[in-house]
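Only heavy atoms go into these numbers, but all of them, side chains included; no hydrogens, no water, no symmetry mates.
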Amino acid sequence: MKIKDLKIELLTALQPRMEKSGFKLQKSKERFAKRVESGAWWFVLDFTVYENLHVKPAIGLRVDAVENIFHRTSGFESNYQSDTPTLSLSVQSHMGDSSKFEYVLSGLDDVSVVRTQIEADFIGIVLPYLERHSELSEIDRTLNENPEGECVHYAMDYLRSAHGVIVAQLVGRPKYSELVETYRQKLALISNGFYLPKFEALVADLLES
């Protein structure tokens, strides 16, 4: 069976359970999406191929109010702006265990087993994560409680920093200026400060709004 067909078989097998929770299949994006009042929740299947088809379930959460601010200075082309997440991570990263939460399909016979495993991840890990982060205050804690440290909830430091300061301003986080300075210093050390001008443009925009 072709890899493309195997992907479709798995996505289709997962569809009934996802729809019970209000998540609709977006086949071309290899994910299930649910519109919520603040924006969108995404349950993503991250496929890779080496010898067989591998899949890692992942989580995306979008707050429209946050992304609208982000894109005032992001430079993203307009056709990509509606698809950016406010939080983005794999289940594997969230659970801190790289030996689990990656599933292998060598053929059609594996679809049923992998579907059951992924459904268990969705129910036991993904939904609770999304529900817990339905409030901006919780997103603020997740992004900003330890700004000096790594953040599994956004792998790229620039995007974590940008979203962190936006959310911090929206919730009125204390010591906001100190948070900005912490992220500024971190970004200055990454890729010779390549992302720092974008970050400074965002910070300036937030001061004006």
S.K.: Ring centres under 6.0 Å, that's the criterion: do Phe122 and Phe32 meet it?
M.R.: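 Between Phe122 and Phe32, the centre distance exceeds or equals 6.0 Å.
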
S.K.: Would you kindly say whether Gln81 and Glu77 are connected by a side-chain donor-acceptor distance under 3.5 Å?
M.R.: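 Glu77 and Gln81 do not have a side-chain donor-acceptor pair below 3.5 Å.
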
S.K.: For the pair His153 and Tyr129, name the ring-plane relationship: parallel under 30°, tilted 30 to 60°, perpendicular over 60°.
M.R.: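 Taking Tyr129 first and then His153, their aromatic rings lie parallel (interplane angle under 30°).
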
S.K.: Is the distance between the ring centroids of Tyr154 and His163 under 6.0 Å?
M.R.: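 Ring centres of Tyr154 and His163 closer than 6.0 Å.
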
S.K.: Is it true that His133 and Glu138 share a donor-acceptor pair across their side chains at a distance under 3.5 Å?
M.R.: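 There is no such pair (donor and acceptor under 3.5 Å, judged by atom type) between the side chains of Glu138 and His133.
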
S.K.: Can you establish whether the number of heavy atoms outside Glu150 located under 6.0 Å from its atom CD is more than 12?
M.R.: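 12 or below, so no.
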
S.K.: Pairing donors with acceptors under 3.5 angstrom, does anything connect the side chains of Tyr176 and Asn144?
M.R.: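 The answer is no; no qualifying pair exists.
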
S.K.: Before accepting this row, confirm whether a basic side-chain N of the pair Arg31/Asp83 lies closer than 4.0 Å to the acidic partner's carboxylate O.
M.R.: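 A salt bridge links Arg31 with Asp83.
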
S.K.: Report yes if the distance between the aromatic ring centroids of Phe194 and Tyr158 is under 6.0 Å, otherwise no.
M.R.: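 They do not qualify: ring centres at least 6.0 Å apart.
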
S.K.: State whether Asp64 and Arg62 are salt-bridged, where the test is any N-O pair (Lys NZ or Arg NE/NH1/NH2 against Asp/Glu carboxylate O) under 4.0 Å.
M.R.: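 Salt bridge present between Asp64 and Arg62.
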
S.K.: For Ser98 and Gln92, does a side-chain donor sit closer than 3.5 Å to a side-chain acceptor?
M.R.: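 No.
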
S.K.: Is Glu30 paired with Lys7 through a side-chain N to carboxylate O contact shorter than 4.0 Å?
M.R.: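 Judged by the 4.0 Å cut-off on N to carboxylate O distance, Lys7 and Glu30 do form a salt bridge.
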
S.K.: Just so I know, are the side chains of Phe199 and Val180 near enough to count as touching, which here means a heavy-atom distance under 4.5 Å?
M.R.: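 Contact flag for Phe199/Val180 side chains = yes.
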
S.K.: May I ask you to test the Ile123-Arg17 pair for a side-chain heavy-atom distance under 4.5 Å?
M.R.: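 Heavy-atom side-chain distance check passes, below 4.5 Å.
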
S.K.: For Asn79, does the CG atom have more than 12 heavy-atom neighbours from other residues, nucleotides or ligands under 6.0 Å away?
M.R.: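 Result for CG/Asn79: enclosed.
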
S.K.: Would you say the side chain of Trp41 lies within less than 4.5 Å of the side chain of Val126, judging by non-hydrogen atoms?
M.R.: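 Result no, sub-4.5 Å side-chain heavy-atom pair not found.
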
S.K.: Please determine which of Ile118, Leu130, Leu127 meets the side chain to side chain contact (heavy atoms under 4.5 Å, CB included) test together with Phe43.
M.R.: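 Result for side chain to side chain contact (heavy atoms under 4.5 Å, CB included) with Phe43: Ile118.
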
